[in-house]
Amino acid sequence: MKTLKLLLVCLCISSYSYATISPEEKNALITLFNATNGEQWNISWYLDQPVDNWHGVKIKDQKVIEINLNFNNLNGQLPEEIGNLIYLKKINLGFNKLSGTLPASIQNLTELESLELFSNNFEGPIPVEIGALKKLESLKLYNNQFSGELPVELMELTSLKELLLGSNLFIGQIPTEIQALTKLQKLSLMNNQMEGEIPAELAQLTDLEELLLSTNKFTGDIPLEFVNLKKLNSIMVSNNQLSHEYANISGKNPEVLMAIQKETAAANPPVENTIEEE
């Protein structure tokens, strides 16, 4: 009897040591593997092995919560089935050879906190469905071939701290609705084809530390309201069509902001000086 009990305990421990996930999630992972030429990955998956042994897959409470396959030679397109991984908190597929558009099923990943697809060959617009990812804190899509205008739905992601969209083919203006992203710390739209004036609404983002807008077609001046961005330590606006050419500045109290402060002072002279001049 003792031997039988010991055997049962060992079997329980053995089965518990291998994480199990739902058939839908496992099928989504296998579909991702097949759609991106998994056999040619730098570190491939052995599909006959338990899922928790698969490189870059993190499981918690029998749910897939993280996929980290950066620098792994993924080549192909993201399948619609990616939307079945509904418990995902983080996806990092940076530095691969992924192409095509982002599937609309991405809207199902409502637990997602970080989406990193930088340095691939994605194209087309950012799907409006991305507005469903209310918990997203980091969106890194830089160095791809995304195009079109920034969807207003993107401005509904009020948990965002990082929005890095540089080195793509985006056009149009910065939506004024961007003022809703009050937690934003880093914003990069550099090296695109965006135009229009830099909106004063950006000054509402008082947690902003980095603002990278260089190499676009922005016109006008840097808004005087930017003097309110007390945490800003890096600003890049060169290579645009602004009224003045500004250098790219990093460090505390960027010179660009100091110049704006001087402009503000000049535009609003003390009342006594105005009276004396009259």
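Nothing here was measured: the structure is a model prediction, and the numbers come from that model.
With a 4.5 Å cut-off on side-chain heavy atoms, Ile171 and Ser147 do not count as touching. With contacts defined as side-chain heavy-atom distances shorter than 4.5 Å, the pair Ile21/Lys63 does not qualify. Between Thr219 and Asn240 there is no side-chain heavy-atom pair separated by less than 4.5 Å. Ile174 places a side-chain heavy atom less than 4.5 Å from the side chain of Phe218. Two residues are said to be in side-chain contact when any heavy atoms from C-beta on lie closer than 4.5 Å; Leu229 and Ile235 fail this criterion. Counting only heavy atoms from C-beta outward, the side chains of Asp52 and Val57 never approach each other to under 4.5 Å.
When every heavy atom of Asn27 is checked against every heavy atom of Glu81, the shortest pair comes out as ND2-CG, 4.3 Å. The heavy-atom pair separating Ile106 from Pro127 by the smallest distance is CG2-CG, 4.5 Å. The nearest pair of heavy atoms linking Pro103 to Pro79 is CG-O, 3.8 Å. Contact record, Leu98 with Asn120: N-OD1, 3.0 Å, taken as the closest heavy-atom pair. In this structure, Gly38 and Ser44 approach most closely via the heavy-atom pair O-OG, 2.9 Å.
Within a 6.0 Å sphere centred on OH of Tyr87, heavy atoms belonging to other residues, nucleotides or ligands number 12 at most.
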Using the rule given for side-chain hydrogen bond (donor to acceptor under 3.5 Å, both in side chains), can you reason through Ser114 versus Glu116, listing the C-alpha separation, both sets of side-chain angles and the distance that settles it, and then say yes or no?
CA-CA 6 Å; Ser114 179; Glu116 304 181 19; 3.0 Å; yes

Working for side chain to side chain contact (heavy atoms under 4.5 Å, CB included), residues Asp221 and Ser243:
CA-CA 6 Å; Asp221 292 309; Ser243 300; 3.0 Å; yes

The test is side chain to side chain contact (heavy atoms under 4.5 Å, CB included); show your working for Met236 and Met190 and say whether it passes.
CA-CA 8 Å; Met236 298 176 64; Met190 63 186 299; 4.0 Å; yes

Would Phe226 and Leu202 satisfy side chain to side chain contact (heavy atoms under 4.5 Å, CB included), going step by step from the backbone distance to the final call?
CA-CA 8 Å; Phe226 275 25; Leu202 283 172; 3.8 Å; yes

Intermediate values then yes/no, side chain to side chain contact (heavy atoms under 4.5 Å, CB included), Thr101 and Phe122
CA-CA 6 Å; Thr101 59; Phe122 288 108; over 6 Å; no

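Using a distance-only test at 3.5 Å, with no hydrogens or angles considered, a donor-acceptor pair links the side chain of Asn216 to the main chain of Leu189. Side-chain atoms of Asn70 do not come within 3.5 Å of backbone N or O of Asn72 as any donor-acceptor pair. Side-chain N or O atoms of Asn191 include none that pairs as donor or acceptor with a backbone N or O of Ser167 at under 3.5 Å. Checking side-chain atoms of Trp45 against main-chain N and O of Glu39 turns up no donor-acceptor pair under 3.5 Å. Under the 3.5 Å distance criterion, the side-chain polar atoms of Asn192 are matched with a main-chain donor or acceptor of Leu165. No side-chain donor-acceptor contact under 3.5 Å links Asn92 to the backbone of Leu69. Checked by atom type and distance alone, the side chain of Asn34 never pairs as donor or acceptor with a backbone atom of Thr31 at under 3.5 Å. Side-chain N or O atoms of Asn96 include one that pairs as donor or acceptor with a backbone N or O of Leu93 at under 3.5 Å. Under a 3.5 Å cut-off, the side chain of Asn68 and the backbone N or O of Ile91 do not form any donor-acceptor pair. No donor-acceptor pair under 3.5 Å is formed between the side chain of Asn84 and the backbone N or O of Ile82.
For the 3.5 Å distance criterion, the side chains of Ser105 and Gln107 fail to qualify, holding no donor opposite an acceptor. Counting only N and O atoms by type, the side chains of Asn143 and Ser119 include a donor and acceptor under 3.5 Å apart. In summary, the side chains of Asn121 and Ser99 do not present any donor paired with an acceptor at a separation below 3.5 Å, with no hydrogens or angles considered. With hydrogens and angles left out, the side-chain atoms of Ser138 and Glu162 include a donor and acceptor closer than 3.5 Å.
Summarising the geometry, atom CG belonging to Asn42 is positioned 8.5 Å from atom NE2 belonging to His55; distances are rounded to the nearest 0.5 Å. With rounding to the nearest 0.5 Å, the separation of NZ in Lys89 from CG in Leu136 is 12.5 Å. Distance check: Ile65 CD1 to Glu25 CD gives 10.5 Å after rounding to the nearest 0.5 Å. Put simply, CD1 on Ile67 and NZ on Lys58 are 13.0 Å apart, with the number rounded to the nearest 0.5 Å. Within the model, atoms CD of Glu123 and CG of Asn168 stand 11.5 Å from one another, a figure rounded to the nearest 0.5 Å. Separating the CD atom in Gln173 from the CG atom in Leu150 is a distance of 11.0 Å, to the nearest 0.5 Å.
Its side chain within the 4.5 Å cluster rule, Phe118 clusters with Phe71, Phe95, Tyr142, Leu164 among the Ile, Leu, Val, Met, Phe, Trp and Tyr residues.
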Could you pull out all donor-acceptor pairs under 3.5 Å where a side-chain atom in residues 178-188 meets a protein atom, sequence neighbours excluded?
none

Cut-off 3.5 Å, no hydrogens considered: what does the side-chain donor-acceptor table look like for residues 151-160, sequence neighbours left out?
unit_1, atom_1, unit_2, atom_2, d
Glu156, OE1, Lys134, NZ, 3.2
Ser159, OG, Lys134, O, 3.1

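Look at Glu111 and Lys135 and you find a salt bridge, because one of the NZ, NE, NH1 or NH2 atoms lies within 4.0 Å of a carboxylate O, short of that distance.
Residue pairs that meet the salt bridge (charged side-chain N to carboxylate O under 4.0 Å, His left out) test with at least one member in residues 204-214, sequence neighbours left out, are Asp207-Lys231.
For Trp54 and Phe33, the ring centers sit 6.0 Å or farther from each other.
One hydrophobic cluster holds both Trp41 and Leu47 under the rule that ILVMFWY side chains link at heavy-atom gaps under 4.5 Å. In the hydrophobic clustering of this structure, Leu88 does not group with Ile86; members are Ile, Leu, Val, Met, Phe, Trp, Tyr whose side-chain heavy atoms approach within less than 4.5 Å, directly or through other members.
Under the side-chain contact (heavy atoms from CB on, under 4.5 Å) criterion, Gln40 pairs with Asn37, Asn73, not counting sequence neighbours. The salt bridge (Lys or Arg N to Asp or Glu O under 4.0 Å) check on Lys26 picks up nothing, with sequence neighbours excluded.
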